[in-house]
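Read the numbers this way: they start at 1 and go in the same order the structure lists the ligands and their atoms.
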Amino acid sequence: MNAEKELIAKVSRLKKERNAIILSHNYQIPEVQDVADFVGDSLELSLKAAKTDAKVIVFCGVHFMAETAAILCPDKKVLMPDLQSGCPMADMITGDQLRALKKEHPGAVVVCYVNTTAEVKAESDICCTSSNAVKVVQSIPEGKEIIFVPDKHLAKFVEEQTGREMIIYDGYCPSHVRMMADELHKAQASFCDAPVLVHPESPADIVKEADQVLSTSGICRVSRESSASTIIVATEPGIIHRLKKESPEKTFIPACQWCNCANMKMNTLEKILWVLEDMENEVVIPADIRVKARGAVDKMLQIAA
Ligand code: 13P
Ligand code: SF4
């Protein structure tokens, strides 16, 4: 047995012993996606965490995703293979910054993207993900002021789709903003019939080229169902592994070669094994914050699970 197979066998044995499930985001490295019990986008991973009978969740994503699982599953142990894998966008707004913004706009409904800390969720009225942000904003009564944090690009897309004007925080994903319209245009010129699937964290000049704007799992679903033989994908390139696995006969062209999210690549097979051995790296949220944050997440799930 080669070293990787041996590692996978150990992970699999220990996973059973610990009554654990391994969840992986669509941007994780191929080996991590392949060893996971479930691979998905932020919303799907939260729902999977909430529904599993497993006692332990090994969460292979970034910190806010594992926190969301911990918010929904206080009776389970949520472990991260690497506690350092954060999301720079989520760290662009703190609880204090949001409290200050709320003071400037008393009465506004606060919508937070799931890419936020538990503390920011606790200060928000409704959470949303890339797959349901439009629906969440549409659920807010007309005439109500809306604060949207932290992603300005997702917010702009939501404004366009809903016709609602919002107070938009100046946050962004450092990986998706590296996308360049010139590069996308070159890909479009080379593959004229290829549909362009775009993640809504991308800047407006990329979003405007999209045939569809979708969450990461939305991109996977539409790619599986598409009759096109070549598809241009405008998001973090880690997704290409799943796309190729699900549709080996299709060609996927990443719109950006430089949009790697280094944080998403910090988890490895070895770290998954170690975390299962030591049962360390638990994501713990103070109870008062968890209960308030759960309110915002539950509201989202009622509107758009
Ligand atoms: P998804 O919820 O679409 O997977 O997006 C999460 C994310 O962080 C994308 O950068
Ligand atoms: Fe955060 Fe961007 Fe990485 Fe997603 S791709 S986890 S938004 S830094």
I need the atoms of ligand 2 closer than 4.0 Å to a non-hydrogen atom of [X], numbered in the order shown.
X: V62; value: 6 (S)
X: C173; value: 2 (Fe), 5 (S), 7 (S), 8 (S)
X: N115; value: 7 (S)
X: M89; value: 7 (S)
X: Y27; value: 5 (S)

(Q) If you define the side chain from C-beta out and look only at heavy atoms, does anything of S226 sit under 4.5 Å from I231? (A) yes
Q.
Is the contact between L43 and ligand 1 made by the side chain, the backbone, both, or neither, using heavy atoms and a 4.0 Å cut-off?
A. neither
Q) Counting heavy atoms only, which part of T216 comes closer than 4.0 Å to ligand 1: side chain, backbone, both or neither? A) both
Nearest neighbour in protein (non-hydrogen) for [atom]:
atom: atom 10 (O) of ligand 1; answer: E201 OE1, 2.7 Å
atom: atom 3 (O) of ligand 1; answer: S130 OG, 2.7 Å
atom: atom 4 (Fe) of ligand 2; answer: E201 OE1, 4.0 Å
atom: atom 1 (Fe) of ligand 2; answer: C87 SG, 2.3 Å
atom: atom 5 (O) of ligand 1; answer: H199 NE2, 3.3 Å
atom: atom 8 (S) of ligand 2; answer: P88 CD, 3.4 Å
atom: atom 3 (Fe) of ligand 2; answer: C261 SG, 2.4 Å
atom: atom 8 (O) of ligand 1; answer: N115 ND2, 3.2 Å

Q. Could you go step by step and tell me if I232 and E209 meet the side-chain contact (heavy atoms from CB on, under 4.5 Å) rule?
A. CA-CA 11 Å; I232 299 172; E209 300 295 329; over 6 Å; no
Q) Which is closest to atom 2 (O) of ligand 1 in terms of heavy atoms, S46, A90, S42, C259? A) S42
(Q) Does the residue E236 have a heavy-atom contact with ligand 1, meaning some pair of atoms that are separated by less than 4.0 Å? (A) no
(Q) I'd like to know if H176 contacts ligand 1, where contact means a heavy-atom distance under 4.0 Å to any ligand atom. (A) yes
Q | Atom indices of ligand 1 within 4.0 angstrom of Y27 heavy atoms, with elements | A | 9 (C), 10 (O)
Q.
Which of the numbered atoms in ligand 1 are under 4.0 angstrom from any heavy atom belonging to S215?
A. 3 (O)
Could you tell me whether [X] and [Y] have a side-chain N and a carboxylate O separated by less than 4.0 Å?
X: E183; Y: R178; answer: no
X: E246; Y: R242; answer: yes
X: E119; Y: R99; answer: yes
X: K15; Y: D37; answer: yes

Say whether, by atom type as modelled, one donor and one acceptor occur between the side chain of [X] and the main chain of [Y] under 3.5 angstrom.
X: K250; Y: S223; value: yes
X: K48; Y: G40; value: no
X: E67; Y: A118; value: yes

Is it true that the side chains of [X] and [Y] contain a donor and an acceptor less than 3.5 Å apart?
X: T129; Y: S131; result: yes
X: H241; Y: D34; result: yes
X: S175; Y: E236; result: no

**Q.** H176-H153 aromatic ring centre distance below 6.0 Å
**A.** no
Q: Could you say whether the N/O atoms of T129 and ligand 1 ever approach to under 3.5 Å?
A: no
